[in-house]
Every structure is written in C-alpha cells, then in structure tokens.
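Here's the structure, in structure tokens; my notes come after.
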Amino acid sequence: MSTRLSSGGRLIDRSAARDFTFNGKRLTGYAGDTLASALLANGQTLMGRSFKYHRPRGVVASGAEEPNALMGIGKGSRFEPNQRATTTELFDGLEAESQNHWPSLEFDVGAVNNSLAMFFPAGFYYKTFMFPRPAWKHLFEPIVRHSAGLGKAPKDRDADRYEHFYAFVDVMIVGGGIAGLQAALTAGASGARVLLVEQTAHWGGRAPVDGVEIDGQPADEWIKSALQTLEGMDNVRVRSRTMASGVYDHGYVLAYERLTDHAPEMDGPRHRLWRIRAKQVITATGALERPLSFAGNDIPGVMLASAVRDYVVNWGVSPGDRTVVVTNNDDAYRTALALHGAGLAVPAIVDARATVTGDLPEAARAAGIRVLTGTGIASVKGKKAVTGVTLCAQAGEGAVTDEIACEAVAMSGGWSPVVHLWSHCGGKLTWDADQACFRPDHDRAPTSHDGKPFVTAAGAADGVLGSADALASGSNAAVAVAEALGLSATASAPSANDPAETPMEAVWIMPQGAGPAKRMKMWLDYQNDVKVSDVRLAAQEGYESVEHTKRYTTLGMATDQGKLSNINGLATLASALNDEIPNVGTTTFRPPYTPISMGAIAGEARGDVFQPLRRTPMHAWHEEQGAYMEPVGHWRRPYCYPKAGETHEQAVHREVLATRNSLGLLDASTLGKIIVKGPDAGRFMDMLYTNMMSTLKPGKCRYGLMCNENGFLMDDGVVARIDEDTFLVHTTSGGAEHTHGHMEDWLQCEWWDWKVHTVNVTEQYAQVAVVGPNARKLLEKLGTDMDLSAEALPFMGFATGKIGGFNTRVFRISFSGELSFEIAVPASQGRAFWDALHEAGAEWNATAYGTEALHIMRAEKGFIMIGDETDGTVIPQDLGLGWAISKKKEDYLGKRAQERSHMTDPTRWKLVGLETVDGSVIPDGSYAVASGTNANGQGNTQGRITSTYHSPTLGKGIAMGLVLNGPDRMGEVIEFNKVDGTTVPAKIVNPVFYDPDGEKQNV
Amino acid sequence: MRRYSAFAIAREAARYHQGWERAWASPEPKKSYDAIIVGAGGHGLATAFYLGKNFGITNVAVIEKGWLGGGNTGRNTTIIRSNYLQDASAAIYEKARGLYETMSQDLNYNVMFSPRGVIMLAQTHHEVRGYQRTAHANALQGVKTEFISPARVKEIVPIINLDGPRYPVLGGLWQARGGTARHDAVAWGYARACSDMGMDIIQKTEVTGVRKENGAVVGVETSRGFIGTKKLGIVVAGHSGVLADMAGFRLPIESVALQALVSEPIKPCMDCVVMANTVHGYMSQSDKGEMVIGGGADGYNNYTQRGSFHHIEETVRALVETFPMISRLKQLRQWGGIVDMTGDRSPILSKTPVEGVFINCGWGTGGFKAIPGSGWGFAELMARGYSPLTAEFGLNRFKEGRFIDESVAAGVAH
C-alpha cells in the first residue's frame, strides 16, 4: 500500500498540514501536495472507476495527462466534476469525491460490465440494441447514458467570477521547464517583449526530479536564479498556473490561468483567460511518458515510471514497498534509483531490450537491483490493487518464466513530445524512428499572415530529451525567433550532466507475440476502456483510417484526449494493418490542450452584462414607470407601461386610445440615424434607395425603401435632406448597425472612389414622437420660434428651431396616422425634453406609449413594418409600394434582381388587409389554406398573415397579410389555419383600416 | 453480409471476436460504373444506397479523397429536426427525419437515432411570432411541432435559466420527434449496406478531373487513373466549388468554417436538444455524457478546418447565460468543418450544365439531419431526372430569384 515516506519531498512543507476529505473520509496532507499525492500518502490507491467497464482505477500519472484519478471537487455552487487529482493543489477543507460508481467506489454495481466485457468489445453498440425499435430511446439509451458520463452534473449557478485579459507580446514561451526558462533568458536578453507561462505551480519541469545538474549545481539552484533574472527584466513577464490552451491563426494564443483553485479563500476571479497576440511562439511543452501494453496494465498500482519518481521525489510518497520497474529505455532506471534511494525495494527492473549498458542501468546494477533484460511482463496480478507480476520472454507469447510479488509497477514505454500547440494551427509532424515518437517537422511549421513560420518547438517538445541538449535547444529557438523579429540574440546555454544512454527500443505490445486473450487485457485508453484487442478489431472490420479507429473504439476521446494512449494506439493499428506508423498518421490535435472551464471562456459576460446594453436618455424614466421592456437589438424598449392592476394588453389599449384621442409620447431615440455626406451623397442615395433621393429638396423629407442586391426589402425610413451635400437617413431601430454596415460595404468594396462619408449618429440624438390631435398644441404651449402650422410645416417637411428652449429638429412624419411631430434633441437634453413634454402635456393627459401600441397604430393605418410584412423574401412590389420605386433611375441596389422571372411573376402573394367575420383576431403566423396538396403531400397555401392585432380603435381584429392575387380579391372570404387543424374565415379588405384619406394626419 | 445482433456478439465473444468480417470492402476500382458518386460522406453514401435500394442501380462507385464519413458527417452536432418553414425544406427534412426513425433497422446498424425532442427558444417577441408562423406552416406540411410555454420549456429542460435578465425565454418551438443520432454510424451503416449491395467504396482516391465528350460526362480522372461513367453525382460539401470547376461550371457557393465543441462528459442532465438563436448557441448531451455545443459560422471564406476563437466564445457565453450550470464544466475539445453556403442558405440538388453531372451541395450548417432525405431525393433525381423532393432546389432558382430562405424564421443555426 502506498504511504508517506518519513523524509523527502521537495515540494511539500511538512510543517503545514492540510485537512481534506475524500468520499467523506477525513484525511490529512501537506501544503504543496496535489490531491493525488495526498491520497497516495494516505494509502488511497483506488481513486476512480473507468467509463465503460467500471473497472477499479488508481492514479497512473502525475500531471495533466492523468486519465483515471478524476474527482468531483467542492460543494453546491462551487462543485465541479472531472477534476484531475494530479493537477489539483491541496488546500485546507478541500472536499473531493470519486466518480462513476454506485453505491460506492469500493463496491460498484456497474462493474458488472467488467464481467461482461467480453460481450462489449469496441463498437458493440452499433451491432445490437436495435429491436424492438422504441427500445433504444426508452430502454437501452437511458441505460447507456446512466452508465456512461463521468462526474455528476453541477446543479447550481456558479458562484465564482471569471475574467478575460489581453496581452500583446513579441515572444510567447510555453512551458517553464529548463528549455523554456533558457529560451526566455535568451529572448529576454534580446529586448523582445516576452511572456513565459507554466501550467503548474512550479518551475523547472522534470530536471530537478531527474537529478540533473546545471553548471555543476543542482537544477533547482539554476532554476531559482534563472527566475530571478527573468523577474528582473522589464520586458519579461512570467506566469505560473497558466496553461497555453490553444494556438490559433496569426499568432493568437489562449492561456488559462487558474488563480484561486488552489486557494479558494482568495478574492478575485477564479480563472483568467489570456487572449494573446504573439508575434512568435516557442513551445517548450516537454514530453509525456507512454505506458506499456501488457496484460493488467490498468490495475491500481501500475503507474508511469516518471509519475512514481515524481511522487517519491516531489512529494515524499511511496507507491508501495515493492515496485517492479518495466521499461524499454534507460530513463525508467532513474525511477528505480529514486525508489532505491528512498529505501524502497525494487525487486526487479524488467527491460524488454536484449542488452542494456547505459550509465543508469549500470548504476542500478551497482546498487544491487536485479536487471532482467529481454524480459516482459506476462500479466499483472491483483484486482483492486497490484499484488504481483508474472514475467515472460519479451520475444515470446507469454509463457510465465517467473513471478514477483510487488505492490506497484512503474512502466515506461518511452517519451512522446507534447506537440499539441505546434499542431493546432497546421504544424506538421515527422516520425522519429530512433526515439519512436512524432516530433515537429521544422520544415512544415505553422505559418502566420505573412506566410512565415511563427511557432518554434524547443527542448523535449522538439524531441530533444537530454538536459544539455534541451537547454541549448531553448536558447537556439530563442535566437531564431529573435532574428525573425529583427532583434539580435546570442545563443548561450549552460552545461548539464547527461548520462550515456542505451538507445530505447520501441515496444508496442508485451510480450511481442501476445495472443487474443492477453490483448483483451491490455489497456490503451484507460478512461474509455479501449484495449489493444479493440484497436485490432477495428482494423479487422475495416475501420482502417486512424480517424475511423478512433471513432469506432473511442481511443483518445476521453478527457485526456489520448495524451497517454494515442501513440500506443497508432502503433497497434499500424501493426494490425502491417503498415508503418507514419503512414497511419495521427488524429488531429485540437484546442484546448487540457480542458478549460466554460466560465473562463464566457468571462465577465453574464447576467446584466451578458451583452452590451444600450440605453436611451429616457431609459431610467421608463424603468421608474415600471415599463415592461423588450429587447430590440442591444436596446431595451418599453413594450408598454402597465399601471397597477393592468395587464399588458389593457395597458397597450389604453396607450393607443389616449394617443388617438388626445396625446401620446413615444421615446423614438432608438431609431437609426445615419448621416450621409459628400459631393456624391445624392448619387449614393439614389443607389441605396429604390426612390429618387437626389431630387429631394433641402428641408424636405421622403419615405424611402432600401433593398439588398437580391431585391428584397431590407429597411425603410424617412430621409431628410439637411443641405445639398448632407442627408440624414432614418432606419429601423434594429436595422441601424446593419444598414450602416451595408452602406460601408458598398462604399469600401465597390464605390470606393465616390466622395461620400457616412456616420452613425443614432446615439447623438434623443428623439420623441409627439402624437395625437393635441400634439401641435403641446409644442406651441412650450413655446417655439418655428411656425409649426400645417401650412408652414406640412406633412413630410422638417424644420430646425427651439421648442421650450431646447434646440430641436422637428420632422412632420407619422407612423400612427395621427398628427405627429418627431422631434430630435441633443442626447444630453433628451431626458429634460421628455420631462418638459410630460409636464406641459399633463392637461391633455400626455401618455407615454410603447412599441406594441406603436405596432397596433401603424397596422390600423396599414403601414408596413420591416420584419413583420417583410422577412427577407418580400419585395416592395409585393407590398403595394411600387410608387416608391423610381422608374426614372437607371439603377439602384436590387433593381436587376427585381427583374428576375420569379420576382415579376404575377402570382406572387400581395399585401392586403384581412378581417375575421366575427371580429376575432387571426392567430399570428397563420397561413391561408388552398385546396389539395402538393407533390410532397403538403397542404397547399394561398397566403399568410404578416401582422395581426386586436384594434382598440376599431374594436375588432385586424390583420395584414400576403395573399395570392390579393388586391384583386377584395371582399372574398378565405380560410386561415390554426395549429389545431381548424380554420378561421377572413375577408380580404383594404389594408388601411383607419383614416384612409389621411384627414387625421395631414392637419 | 452477416447480420449484426446480440446473438452474433455472443457468438463472436466465444472466439475473442476474431470472426467479425469487414464492415465494407476495400476494392480496386473497376474501369467503369453505371454511376459514380464523388464524396463518401453521409449524403454521398445515402445517394448510393437509395440508387441501389429504390432503383436497382448497384453498379456504383463512391469515390472518396480521404476516409469515408470524414467531412461534415463526422464533424456536426448530430441534430435531427424538420421544423422548417418553407415547404420545400420541410418536405426533404421531414422525409429525412422519417427515414432516421427506421434507419437502424433498415441498415442493420444501430445509428442510435434518439427522438428526444428539439426546442428552439423564442427570446424576443419577434421570435415568438416567427416560431408561431413555423408552427402554422408545419401543421399544413405534416410536420408535428407545437409552440410551447416557458413553463413547459422548463419542465422539459430543468437546467435552463428562463429568467435571464437580457433575454427571458418567452416560449419555444417544440418538435418532440426531433433528436440526435450517432453521426459516424450513419456513414458507416450506409457504407456497409452499399458494400453489401456490391457497390465499391473507394477511399483515399482523389478525383482530379471530370472528362467530358460533347458536353456530356464520360468519367472522372482520379489519383488511381481514369474511371468511366455516364452519371456522375458530386456530393462533396465544402469542396463543391472545386469539383464544379473541374466539370466546367460555377456554383453560387461560399465555403466557410463552422465550429463545434464538447464539454467533458457528465451524468445525464439534459434530455433534449435546445437551440437559442437570439443569443447564438445550441446544446445537447451525447450518450457519452458530453455537452455538445454549436454556434455560428465564420464570416470569411476559407478551407482550413479550424475557425476563429471568437465564435467559440460567443457560443459558450450564450450557453452559460442560458444554462448557468455549464459554467463549471470544462471544454474538452473544439473542432471545425468547412460548410458550403448558398445565398439563400438552402441546398442545391440539381442537374448541371454538363449532361450526366448532378450536384448535391450547399447544405451549409444543416446537412446531417437531411442525409437520408437528401440521398433519397438525389438518387431519384439521378435515376429518373426528376424528384419532387429536389424539384425546388435546382440551380436555376438563383437566376429566377426563387429562393428558399429559411433565415426568415430562424436567424442562424440550422
């Protein structure tokens, strides 16, 4: 059983105990522990259950690559599933629970899957669960879903905060091992702006654990001084607990800083997402050790040799009294020596290679450790914990030659460079047969906007495994990068001690001739329970592409994304296909390198600040009045202003009647306002609108239609000509940004030589519609220097002057059919003007009305609404707006499109008014049914509703719609469908329901 | 073909699964075929399948540059629904949805069609009206949908936040028989069935040219030599423009990256698909337990299968707002595919200016759900020269202005 050693542990502080719980059990560790090291120190080797077979699992790694030891951590609004125990720093009060078992970790009913594993090979679910048909949805799928999944779903709203952070650097260096530190020293000395990030809380990577000496001192000393030097450089920033998660086009890099995960009592955001523009990126991300594929390699106690070494050296933890080391390379001997040095027994080093003569094996032999060459593990014994191993000849089929009792197995299949960041943005790999790994192909690096490489790999991430070489590699990478930036840097790297090594030998299966029964017990992907036999089955069944194999077996799809399993899986596939590994290729490396929280991605944008909120100058007034608001783009507009006890519908009706009978006030500030200015403004406006705008006289307004190049109506509004060169374009509230973009698109991409300038001034003006029979009286009461009479300021005129002391621009336009003045004032005066109107208007019961009253009044008057009568498929001709299309102009946007055969088809549906026979309201979105069905069996239609309301003015339901030959069918009754299958009869009428002669409006 | 069943698994278990045969053959190309489909994605394979099943045309090759099912078939978020507004769309998507219902049995391959239901949230009054319109259209189209209240939405999706301060949920369009399926299995199941009918699925073979005589196709040049045919179906999604260029015509298509992502797997917490178009995001939970998330397409054209991070950010932000509990889940993986977008965002299933060449493309962001319907209709078009399912999706609609615009009702996601 694992336990804490009486001494040692370079990262722990034995004077600082930390209490935590695991599955409710109270345990103690030390500051500096990870949850995994603390659990091991407490003898807890069983840490989880696998995904498919619910097999008992212990920790196998010591870092981000851990597939097994996943925990639910925290409580309530701070609960998070699937956290790796190996990267969770221990703190006082940490509450952890293991996952994917019922009723308990030790006894899991789901483990019945394990007994049935022979019936559940890769892809078994594609071959069964098909009968009876409803059983998949109602029986099999629920079972599959409940046994799959890992951690529990969080239930509560996240109590933590997250933030985004922006950085611009010359060189981003990823990885704080000795290669990354050296790269930062060299790059920093060149004067480049450098950002160095390290995913763990500690610097130096593997060097201190491996006993490396740099410049004759222990690695830790050199690391400390390197950090001091870097921190003294103004142009260098270093961040630990920060993982570079993805490299994107043009040097965009994301990094994920975990600020309070290790210290939840700290204030501030939990995670910070760094969004970095780096001119150059150096990936010094190290390498990951590979497991070996032998029978029983997933039993708790079987661990990576490097992880065992980490637990002993970094955290003073023994994996067990007796550890068998199994390897195909010299590096694992360091683990044997570390164990031996800590006073633990290493009964044997099992080495698959025939002869082993390196410095490290010699040191092991000298220490009295038995080294068995040409040997493999036949099987691991034990169920929930390792009890021993049986040995065999690596070259054979697994006949047992020996048996050794032990509590742990430390395995090493060689090292794979971490090439993820190199690959994210298109960097290619090359197969290194000597080291049996893929490493960056320097000739095919990711390229930036200029076609030049922007990512450089260094150290172990570049396949450079020796310490001295890694230091030199870091420095050389920095020099190359500095040169690319036009800076000068000097290569210099300290010396380091590297033992002479026997070359590693690729071992993809142990023993080499293992048969099918053994292969069913060799795990490749621990979490997803993918075995050597599964990959071979995929190949056998024709899933030969590496992507097919991955998807068929789920190899590499677990939360470690194949960090441990991919290369072993590829090699297994290659062997099954009798092909070379490089021909099989890799699956695609995708961000993030390790999972990052959704909270960090979303950042601060949640709740009230989910999106920018646009407020008119009168916004606060609306809220004070208890307005019911609706989102319109990023604005929120009052839908209506319900009084106490009023329903929304009652409020809307009151607002309509008050406006029609006396005086209504609308905050129209959200209306889009765009200035179009310049000598070519008239010419531009003629192209933009279907109308002739260039002939508009200064001081006059004109209602205009704007179409897209497909001829469809996209926006409408009133255009005022301020002077010869200046138009003020009013757009719909929701359409202002889009319309402005549309203008700029044409000006910048097509008519770039036209002398026109556009500015969106929507927020510079507050605008109020003063509407109703008493509108003019109100303005005159406030006092004005303008003549607002019908004669001096007729319908569709505008004037500039003072009202009640405010500087105003007054438009005689109406969207309600009433006498109406739309009055713009500077935004800063908006609230004061609004208040003045209300105060002076009190004698006429001035009533603020919202968007719904606006909609009803315009529908009563038969005015179209963009987004209701139009939907992106409607042309002005459909709406009876042919009068607004200039026949004199040679061209306008959409003209040619409107000449296409379908657009001129006389059977296009046309705008009409509709009234139910009984005065009821036709349902929104209803279609006019026609007899029969079409070729696909769908009910035929002959029209549809575009707007439908109860008209408070007329006391009945009114609607507008598009109907086949509608204008020619006045008085005809047609049927509109309801979702319950019944229909509503409605009569086709003129769409202008209210004041058809304009007597109310033109006074 | 030996049938898959629980019995077959038991039989094979006894011999360590050594007896399973190949799901599809890996043949050498013949000199010529009655029909060639370029592109072994879902749509191409389904086309081949229905050419054989419905029209008895089995001397067919499906030629694939990479590995079958490796394009958008294997990259989408597996949503199946047919609650479309326009008649032509509703017809082909509902045909597809109906075929998904029995696909596992038809193919003897469990594609795990899970009709768990799809909700499209209405978060503005405008959206409410849009979905009410769709519900009315669907009622006449034979597509079963209904507009449901916020309370019903909450009942179906307990993890949703109805009362977001910015975009409260006002209701939703609910299609109870929409859902998801295992995307890879759809391609694999069709491939196995096609192979069983004697069709040749030729992977890792690139079409490099289209040979014509007198304006009619006579075959394709490939990386493994010339292969003759008088009927050529081009079904290559993002690279449609490239193939059309080889055949000598142009397409009104833009190719852009569309991205998706998944969280780490968790125990079941959501039993339907939710699409939130106002805030731009949609989410479901896979059988493995991952939250499967998608959003909008990139705004610029390209052929690299990766996209801009800002879309991921926008999507995740929208969904954290809609489902606050996902804030403490972690993003496991993101990926991208190249989608082929037409001007009206509806597909093209059409004859072309080259006699004998047919094109099936332009599915944009919504192709997976259409696979069986698309194959059904396109096979009919190739075999008979006409299909009511594809009639409205011809290339000439762009000249005539006869668009099939779905953005009318649902702003973004298909």
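We name chains A, B, ... by the order of the sequence lines, and we start the count at 1 in each one.
Of the inter-residue distances, the one linking A:S545 atom OG with B:E64 atom CD reads 10.0 Å to the nearest 0.5 angstrom. Interatomic distance, B:D344 CG to A:N710 CG, rounded to the nearest 0.5 Å: 8.5 Å. In this structure, CG in B:N138 is found 9.5 Å from CD in A:Q938, a value given to the nearest 0.5 Å. With values rounded to the nearest 0.5 angstrom, B:D87 atom CG is found 8.0 Å from A:N940 atom CG. Here NE2 of B:H136 is found 8.0 Å from CG of A:D924. Values are rounded to the nearest 0.5 Å. Here the CG-NE2 distance, from A:D868 to B:H126, works out to 6.0 Å after rounding to the nearest 0.5 Å.
In this structure, chain A has a heavy atom under 4.5 Å from the backbone of B:F398, while its side chain stays farther away. Contacts between B:F113 and chain A at a heavy-atom distance below 4.5 Å involve the backbone alone (N, CA, C, O). In this structure, no portion of B:E12 lies under 4.5 Å from any heavy atom of chain A. In this structure, chain A has no heavy atom under 4.5 Å from any part of B:I159. With a 4.5 Å cut-off on non-hydrogen atoms, B:K204 does not touch chain A at all. Residue B:D184 touches chain A through its side chain alone, counting heavy-atom pairs closer than 4.5 Å. Only the side chain of B:I293 comes within less than 4.5 Å of a heavy atom in chain A; its backbone stays farther off.
A distance-only check finds a donor-acceptor pair linking the side chain of A:Q540 to the backbone of B:W20 [under 3.5 Å]. In this structure, the side chain of A:N936 engages the main chain of B:P388 through a donor-acceptor pair within 3.5 Å. With B:H17 contributing its side chain and A:P516 its backbone, the two residues share no donor-acceptor pair below 3.5 Å.
Between B:R133 and A:D871, at least one side-chain N (NZ, or NE/NH1/NH2) sits under 4.0 Å from a carboxylate O, which counts as a salt bridge.
At a cut-off of 3.5 Å, with distance as the only test, no side-chain donor of B:R166 or A:Q611 sits close to an acceptor on the other residue. A:Y125 and B:R182 share no side-chain donor-acceptor pair at under 3.5 Å.
The residue from A:L150, A:T559, A:L70 that alone fulfils the side-chain contact (heavy atoms from CB on, under 4.5 Å) condition with B:E264 is A:T559. Screening A:D156, A:D158, A:N82 for a side-chain hydrogen bond (donor to acceptor under 3.5 Å, both in side chains) with B:R328, the sole residue that qualifies is A:D158.
Note: A:R590 leads A:M903, A:R519, A:R590 in heavy-atom pairs under 4.5 Å with chain B. Among B:P115, B:S104, B:P168, B:A135, the residue making the largest number of heavy-atom pairs under 4.5 Å with chain A is B:P115.
The aromatic rings of A:Y552 and B:W188 sit perpendicular to each other, their planes meeting at more than 60°, with 30° as the lower class boundary.
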